[in-house]
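Take a look at the structure set out below.
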Amino acid sequence: MPDSEPARVPGRRAARFPVVDPATGETFDEAPDQQPEELDAVVYRAHRAWHRWRADPAARTTALRTAADAVERAADDLAHVLTREQGKPLTESYAEVARTAARLRYFSDLSPRTRRITDGRPVHSEVRWRPLGPVAAIVPWNFPLQLAAAKFAPALAAGNTVVLKPSPYTPLATRLLGSVLAAALPEDVLTVVTGREPLGARLASHPGIRHVTFTGSVPTGRAVAGAAAASLARVTLELGGNDAAVLLPDVEVDRIADRLFWAAFRNCGQVCMAVKRVYAPARLQAEVVEALAQRAKSVAVGSGLDPDTRLGPVNNAPQLARVEQVTKEALADGARAAAGGHRLDGPGYFFAPTILTDVPPDSAVVSDEQFGPVLPVLPYRSLDEAVDAANSTGFGLGGSVWGTDPDRAEAVADRLECGTAWINHHAELSLAQPFAGIRDSGVGVAGGPWGLYGNLRPFVVHRPQEEG
């Protein structure tokens, strides 16, 4: 990093970009459109703040706990802004704010452990841990606060500083969160930058950034990894999933239908670890389709600000077009919509909750990540066939197995090629557990102590034993 702060770029900070309410499709506010060249000063200040922040672990613990309290006090404002720009029901926005605070509190209590190495030599060897430096956290639009906290809470607890960039579709709640945290954290320890591309690409490639943590699509994740490679920065990439739910022949459909439906449709299906495919025994497929279709037809869809809403809009126009495209392609290839299958009339980015049957297994809605309120249900005739199909995509984030015999279900789950497998539920995580995918679902580990150590580097000290 330079010894002095880079000169500020004049005449560009007034630029702004529109923020759209997905429930109406209309602009309701604006956010600063910061330019890539402005990052030099931001990263410089993060580096300067890092030297103070890393030096006092006790002060970090206190600051993070104070920050968690501040987030909880601001819950009303944060939740309403989040629903307005993201679209999710207000109850889910409140839950996201609560999880943001919980992550800060959880990581405030974690600290790395020094390890003594005993190998028979006359040397005292200790493995200690040091922070990396400024961290870039690049966050998508589906859970902008929760995923931001999943990145900045362990980074800050480890003694790093953070430059946080939200999606341009959801910048406002993150900016507000940054303001809330600024009252609890030292200056420049956490900085929020907002703007359209190439701001994110420049942040990922900035030579002053030592760790890039990103959640988003596979193509963008590959670009982020390539950009970070220029400065040999560490990368943690969570790149989505195409989670399969395998229903065993002994499953009781009526008992699991609600859980299965919401495992697929929470946040309008815009969840990386949502159920995106269901494999049902051929003799039960019609019953599964009917149970899920009934729920899809009856669920209340609307603005997240309406207290009766259970399912909000798709977040943005490009994603709505993607959901519509893969659904139309499946229907053109012979699939049948047992529920939905189309956009809803009226303003906003609404797509009818959709259950598809008779779907060709090579359809994009099966092989790719649809990331919306569309769920294909496919039949199988043997468990080997079901497991092979579940493992057949390039993704490997999560999966689940559903049945009345938990031991049998666990034996099947053990065959799934993914980072997390659930039995009779899906997409439930503890703050204390690791979260990681394989293959196209990402690189690195988040969550729990693993998330903390991902933001640290080992530092080994050798000291000769004193001679007698």
Side-chain angles (χ1 to χ4, degrees), residues 91-92 95 241-269 271-301 310-311 335-341 352-359 361 365-366 370 373-393 397-430 433:
T91 54
E92 294 185 21
N242 191 357
D243 291 13
V246 177
L247 278 53
L248 299 184
D250 63 354
V251 71
E252 296 177 350
V253 176
D254 58 334
R255 294 190 64 180
I256 62 105
D258 274 339
R259 275 175 285 154
L260 183 60
F261 179 83
W262 286 111
F265 285 90
R266 184 169 69 94
N267 198 27
C268 202
V271 182
C272 58
M273 54 183 171
V275 169
K276 308 248 177 34
R277 302 169 284 152
V278 174
Y279 292 95
R283 67 177 181 83
L284 294 177
Q285 187 199 16
E287 182 181 355
V288 173
V289 168
E290 178 60 24
L292 295 174
Q294 286 180 0
R295 286 156 177 81
K297 292 173 182 178
S298 62
V299 67
V301 179
R310 295 293 307 279
L311 210 64
R336 178 177 63 86
T354 297
I355 304 297
L356 297 177
T357 187
D358 303 327
V359 186
V365 78
V366 176
Q370 68 271 41
V374 179
L375 181 65
V377 181
L378 299 100
Y380 71 83
R381 287 168 177 77
S382 73
L383 272 176
D384 287 345
E385 176 189 339
V387 171
D388 287 345
N391 293 336
S392 65
T393 75
L397 192 60
S400 55
V401 182
W402 305 68
T404 57
D405 182 344
D407 291 333
R408 185 187 188 195
E410 185 171 347
V412 175
D414 195 48
R415 299 169 61 190
L416 297 181
E417 296 175 4
C418 56
T420 305
W422 293 271
I423 309 298
N424 288 329
H425 64 146
H426 197 103
E428 296 183 24
L429 296 175
S430 161
Q433 78 179 67

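The analysis underlying the following values was restricted to heavy atoms, covering all of them including side chains, and did not include hydrogens, waters or symmetry mates.
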Using the test ring-ring contact (aromatic ring centres under 6.0 Å, His included), find all partners of F261 that sit at least two apart in sequence or belong to another chain. F265

May I ask you to decide if E428's main-chain N or O and W422's side chain share a donor-acceptor pair within less than 3.5 Å? yes

What distance separates L375 CG from L356 CG, expressed to the nearest 0.5 Å? 8.0 Å

Here the pair of heavy atoms bringing A291 nearest to A257 is CB-CB, 4.0 Å

4.5 Å side-chain heavy-atom contact, L248 and L383: yes

Quick one: closest heavy-atom pair of R381 and A282, and the distance? CG-CB, 4.3 Å

For A337 versus G340, what's the shortest heavy-atom pair and its separation? CB-O, 3.6 Å

In Å, rounded to the nearest 0.5 Å, how long is the span from CG of L292 to CD1 of I256? 7.5 Å

List for me each residue that meets side-chain hydrogen bond (donor to acceptor under 3.5 Å, both in side chains) alongside T404, sequence neighbours excluded, and say none if there are none. D250

Does any part of the side chain of L284, heavy atoms only, come nearer than 4.5 Å to the side chain of L247, both counted from C-beta? no

Could you note down all residue pairs passing salt bridge (charged side-chain N to carboxylate O under 4.0 Å, His left out) where residues 402-422 supplies at least one of them, sequence neighbours left out? D384-R415, E417-R439

Closest non-hydrogen atoms of R310 and V299, given as atom of the first, atom of the second and distance, are CB-CG2, 3.7 Å

Can you check whether R336's main-chain N or O pairs, donor with acceptor, with D358's side chain at less than 3.5 Å? no

Taking H426 for its side chain and M273 for its backbone only, find out whether a donor-acceptor pair lies under 3.5 Å. yes

Pair listing, side chain to side chain donor-acceptor pair (under 3.5 Å) test, anchored in residues 282-300, at least two apart: D258-R295, Q285-T357, E290-Q294

Side chain to side chain contact (heavy atoms under 4.5 Å, CB included) with A244: which residues, sequence neighbours excluded? R277, Y279, A390

Does any part of the side chain of V246, heavy atoms only, come nearer than 4.5 Å to the side chain of V387, both counted from C-beta? no

For residues T420 and L397, determine if any side-chain heavy atom of one lies less than 4.5 Å from a side-chain heavy atom of the other. no

Shortest non-hydrogen separation from V288 to A280 and the atoms involved: CG2-CB, 4.1 Å

Is there a side-chain contact between C418 and D243, using heavy atoms and a 4.5 Å cut-off? no

Going by salt bridge (charged side-chain N to carboxylate O under 4.0 Å, His left out), name the residues that satisfy it together with E252, two or more places apart in sequence or in a different chain. R255

Apply side chain to side chain contact (heavy atoms under 4.5 Å, CB included) to W402 and V278, showing your working. CA-CA 10 Å; W402 305 68; V278 174; over 6 Å; no

Closest contact, heavy atoms only, I423 versus A413: CD1-CB, 3.6 Å

